[in-house]
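The next block holds one structure in the form of structure tokens; read it before the comments.
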Amino acid sequence: MESFNVIQGFLNMVIRSNEWLSFFSQEFNKQGYGYAGSTSDETIVVEYSSPNTNKPLHLGHVRNNLLGYSVSQILKATGKNVVMVNLVNDRGIHICKSMLAWLKWGNGETPASSGMKGDHLIGKYYVLFDKYYKEDIAQLIEAGSSKEEAEKNAPLLLETQEMLRKWEQGDPETIALWKKMNGWVYEGFDETYRSLGVAFDKIYHESETYLLGKDIVQMGLDSGVLFRKEDGSVWCDLTGDGLDEKLLLRSDGTSVYMTQDLGTARTRYEEFKPGKMVYVVGNEQDYHFNVLRLILKKMGYGWAEGIYHLSYGMVELPNGKMKSREGTVVDADDLIEGMIQTAREMTAQLGKLEDFEGEEAARLYNTIGMGALKYYILKVDPKKTMLFNPEESIDFNGNTGPFIQYTYARICSILRKANERGIRVSSNPVYKEEIFGEKEKSLVLLLHDFPAIVEEAGKNFSPALVANYTFELAKEYNQFYHDHNIVREEDESIRQFRLDLSFFTATVIRNAMKLLGVEVPEKM
RNA sequence: GGUCUCGUAGCUCAGCUGGAUAGAGCAGCAGCCUUCUAAGCUGCGGGUCGCGCGUUCGAAUCGCGCCGAGAUCACCA
């Protein structure tokens, strides 16, 4: 400690510069700074994405995917053994709607014949179904039905239900069609996943898991945790916990969403023995996950405590919520393309086109455009409803991904310049205390915080902490850069320290952004 | 109606495990490129932290009540 004082009941202590310099010289050239050196035994399963296969991904899915991937990377950085899984909802009435519409009005159209991405093609038929379904309803109402009856008895809907029955009976034709159309969707999704830079260790399909959980229900009946009503349906009474009764088996003995989630949770636990199971799912399912955890606990599964619902808020647009019916959804692929296009325009506008060519340029636009999108979404606290303002998202100044990327590229440029002049980052540094100015000190303090920030972000499942930290760091560095010469500094020991400091900052920016799934360019 | 979440500058967000004068970015205004990348930097204006009560030496932060916004409470997933 260097000094201390007391002001208004606060004891302020000043830590000696030597302590900071000693920390700095020990850590500044570690490439993995901020990441846990070793992996612990604890496994965490993170489920995210989990799309339906009847329409393409939209902005809401983008938030889900980016969050899931980033949280996984953060948990890995804190030394956890992370398994990323995706549970694809590939069966059910909604898929049958697309299938039926395609049979009726598709004329054999395929992604190849239409040039459409597979998931978009399927989405087109889902929309088409809805259109004709509405016409059916209108006709029935005109013929004297009530709205409710019409919705139930529309011929199209009855046909769809018939199709689902055939699927469940394993009708070869229906299954073949289902496989073919799902295959198209997967190709489309894979492309979107690649663009988003997300990946999975394991993919589950609901068509293979939807029957799970029935044995758990039987166990619950045997132990008296669950009860059967007169019509044969099975329920869990949660009124004692301030919730309602929850259906677990229909009166015809078939399972519901909750039933399969009970089953998949147990299967997953048995497969990985994880300390925690994270579900990245929107906050409209808060109730569902409370019930899931509660029922499993009642059944005596202690590991249910480890279930964590990473509940994130909706993404809204300036004119309100996204509504597929009103055509106000933001399609994920359109969004991605738009961001990359904007990156290209910005680069041109700033007169930097001649610095890049061909593939290098394309890669740069991708890095910047995706960096902007990812950062824009991840900087907001996951649990909050966020507003997606298209105009603001393509602004690359201020608290944005490109701002941070730019800072990184600047540092790289300095390191290149230094290298040209034969100045290298220290290999065995000894710094004198006089080199330690105010700006340098604030930077070192921030750099020192990074591992703790990662730890905190892991505990809170919040990439936003990492994002906001990185912005602070980049801002601090830009001030330092503006106020001080680095390569041009004449005093050799000061120059060396500032160079090392720049190098360290670059490492931390790169490592932090990697946790968000954001790449950093060496030139931009 | 019950339960849950949210409400901070014109806008988008930090801060919330109680502490010093509530911070950024955008937008607005005024400046800084013959010198390491101006996607940068500096300055100015902008707030009854939804409202009220309480706990405390101290509340944006904790508790209660109200107001406002949203979600959810399906033999859908």
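Every heavy atom of this structure was used, including side-chain atoms; hydrogens, water molecules and symmetry mates were not. Chain A is the first sequence line, chain B the second, and so forth, proteins listed ahead of strands; every chain is numbered from 1.
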Using the [atom1] atom in both, what is the distance from [N] to [M], to the nearest Å?
{"N": "rA20(B)", "M": "rA59(B)", "atom1": "P", "value": "11 Å"}
{"N": "rU17(B)", "M": "rG54(B)", "atom1": "P", "value": "23 Å"}
{"N": "rU8(B)", "M": "rU61(B)", "atom1": "C1'", "value": "11 Å"}
{"N": "rU48(B)", "M": "rG52(B)", "atom1": "C1'", "value": "13 Å"}
{"N": "rA39(B)", "M": "rC33(B)", "atom1": "C1'", "value": "15 Å"}
{"N": "rC11(B)", "M": "rG47(B)", "atom1": "C1'", "value": "14 Å"}
{"N": "rC29(B)", "M": "rU34(B)", "atom1": "P", "value": "24 Å"}
{"N": "rA60(B)", "M": "rG19(B)", "atom1": "P", "value": "10 Å"}

With respect to the phosphate group of [N], does any side-chain polar atom (N or O) of [X] fall under 4.0 Å of OP1 or OP2?
{"X": "Arg410(A)", "N": "rA38(B)", "value": "yes"}
{"X": "Lys417(A)", "N": "rU37(B)", "value": "yes"}
{"X": "Gln479(A)", "N": "rU42(B)", "value": "yes"}
{"X": "Tyr406(A)", "N": "rA39(B)", "value": "yes"}
{"X": "Asn399(A)", "N": "rU12(B)", "value": "no"}
{"X": "Lys379(A)", "N": "rA24(B)", "value": "no"}

(request) Take Lys439(A) and Glu476(A) through the salt bridge (charged side-chain N to carboxylate O under 4.0 Å, His left out) test and state the conclusion after the steps. (result) CA-CA 8 Å; Lys439(A) 273 290 165 208; Glu476(A) 194 68 37; 3.2 Å; yes
(message) Checking one value: the base orientation of rC51(B), syn if chi is within 90 degrees of 0, otherwise anti.
(response)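 Chi for rC51(B) falls in the anti range.
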(request) Check whether the side chains of Asp90(A) and Asn182(A) place a donor and an acceptor atom closer than 3.5 Å, and report yes or no. (result)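 Per modelled atom types, Asp90(A) and Asn182(A) side chains form no pair under 3.5 Å.
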(message) Apply salt bridge (charged side-chain N to carboxylate O under 4.0 Å, His left out) to residues Arg495(A) and Glu490(A) and explain how you reach the verdict.
(response) CA-CA 7 Å; Arg495(A) 185 178 63 213; Glu490(A) 287 174 11; over 6 Å; no
Nearest-nucleotide pick for [X], side chain only, options being [options]:
{"X": "Val487(A)", "options": "rA39(B), rC13(B), rC36(B)", "value": "rC36(B)"}
{"X": "Asn478(A)", "options": "rA39(B), rA77(B), rG40(B)", "value": "rG40(B)"}
{"X": "Val256(A)", "options": "rA77(B), rG25(B), rU37(B)", "value": "rA77(B)"}
{"X": "Asn468(A)", "options": "rA14(B), rA39(B), rU37(B)", "value": "rA14(B)"}
{"X": "Asp286(A)", "options": "rC4(B), rA27(B), rC6(B)", "value": "rC4(B)"}
{"X": "Arg488(A)", "options": "rA39(B), rC36(B), rA24(B)", "value": "rC36(B)"}
{"X": "Gln285(A)", "options": "rU72(B), rU37(B), rA77(B)", "value": "rA77(B)"}
{"X": "Leu465(A)", "options": "rU72(B), rC36(B), rG15(B)", "value": "rG15(B)"}
{"X": "Lys523(A)", "options": "rC26(B), rU37(B), rU5(B)", "value": "rU37(B)"}
{"X": "Gln260(A)", "options": "rC36(B), rA39(B), rA77(B)", "value": "rA77(B)"}

(message) Assuming nearest nucleotide by heavy-atom distance, tell me which of Gly92(A) and Glu392(A) is located more 5' along RNA chain B.
(response)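 With Gly92(A) and Glu392(A) compared, the 5'-side residue is Glu392(A).
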(request) Map Asn283(A) and Asp252(A) onto RNA chain B by nearest heavy atom, then report which one ends up closer to the 5' terminus. (result)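 Looking at the nearest nucleotide for each, Asn283(A) comes out on the 5' side.
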(message) Between Arg250(A) and Thr254(A), does the side chain to side chain donor-acceptor pair (under 3.5 Å) criterion hold? Intermediate values first, please.
(response) CA-CA 5 Å; Arg250(A) 298 189 185 100; Thr254(A) 57; 2.9 Å; yes
(request) Classify the ring geometry between His288(A) and Tyr257(A) as parallel (under 30°), tilted (30 to 60°) or perpendicular (over 60°). (result)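 Ring orientation, 0 to 90° scale: parallel.
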(request) Mind telling me whether Phe461(A) and Tyr308(A) have parallel, tilted or perpendicular rings, with 30° and 60° as the class edges? (result)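 Rings of Tyr308(A) and Phe461(A): parallel, as their planes differ by under 30°.
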(request) Record whether the side chain of Lys352(A) comes under 3.5 Å of the base of rA39(B) through a donor-acceptor pair of N or O atoms. (result)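 Per atom types, the contact qualifies.
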For [X], answer base if it contacts any base atom (sugar-phosphate contacts may also be present), sugar-phosphate if it contacts only those atoms, and nothing otherwise; contact means non-hydrogen atoms under 4.0 Å.
{"X": "His484(A)", "value": "base"}
{"X": "Met314(A)", "value": "nothing"}
{"X": "Phe403(A)", "value": "sugar-phosphate"}
{"X": "Thr347(A)", "value": "base"}
{"X": "Phe396(A)", "value": "base"}
{"X": "Ile368(A)", "value": "base"}
{"X": "Glu522(A)", "value": "base"}

Applying a 3.5 Å limit to both distances, which nucleotide forms a Watson-Crick or G-U wobble pair with [N]?
{"N": "rC57(B)", "value": "rG19(B)"}
{"N": "rU34(B)", "value": "none"}
{"N": "rG1(B)", "value": "rC73(B)"}
{"N": "rG65(B)", "value": "rC51(B)"}
{"N": "rG43(B)", "value": "rC29(B)"}

(message) Please report the distance, rounded to the nearest Å, between CG in Leu387(A) and C1' in rC13(B).
(response)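 Taking CG of Leu387(A) and C1' of rC13(B), I get 11 Å after rounding.
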(message) Just so I know, are the side chains of Ile175(A) and Trp167(A) near enough to count as touching, which here means a heavy-atom distance under 4.5 Å?
(response)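 Yes, at least one pair of side-chain atoms sits under 4.5 Å.
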(message) Would you say the ring centers of Tyr477(A) and Phe480(A) fall short of 6.0 Å from each other?
(response)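 Yes, they do, as the ring centres are separated by less than 6.0 Å.
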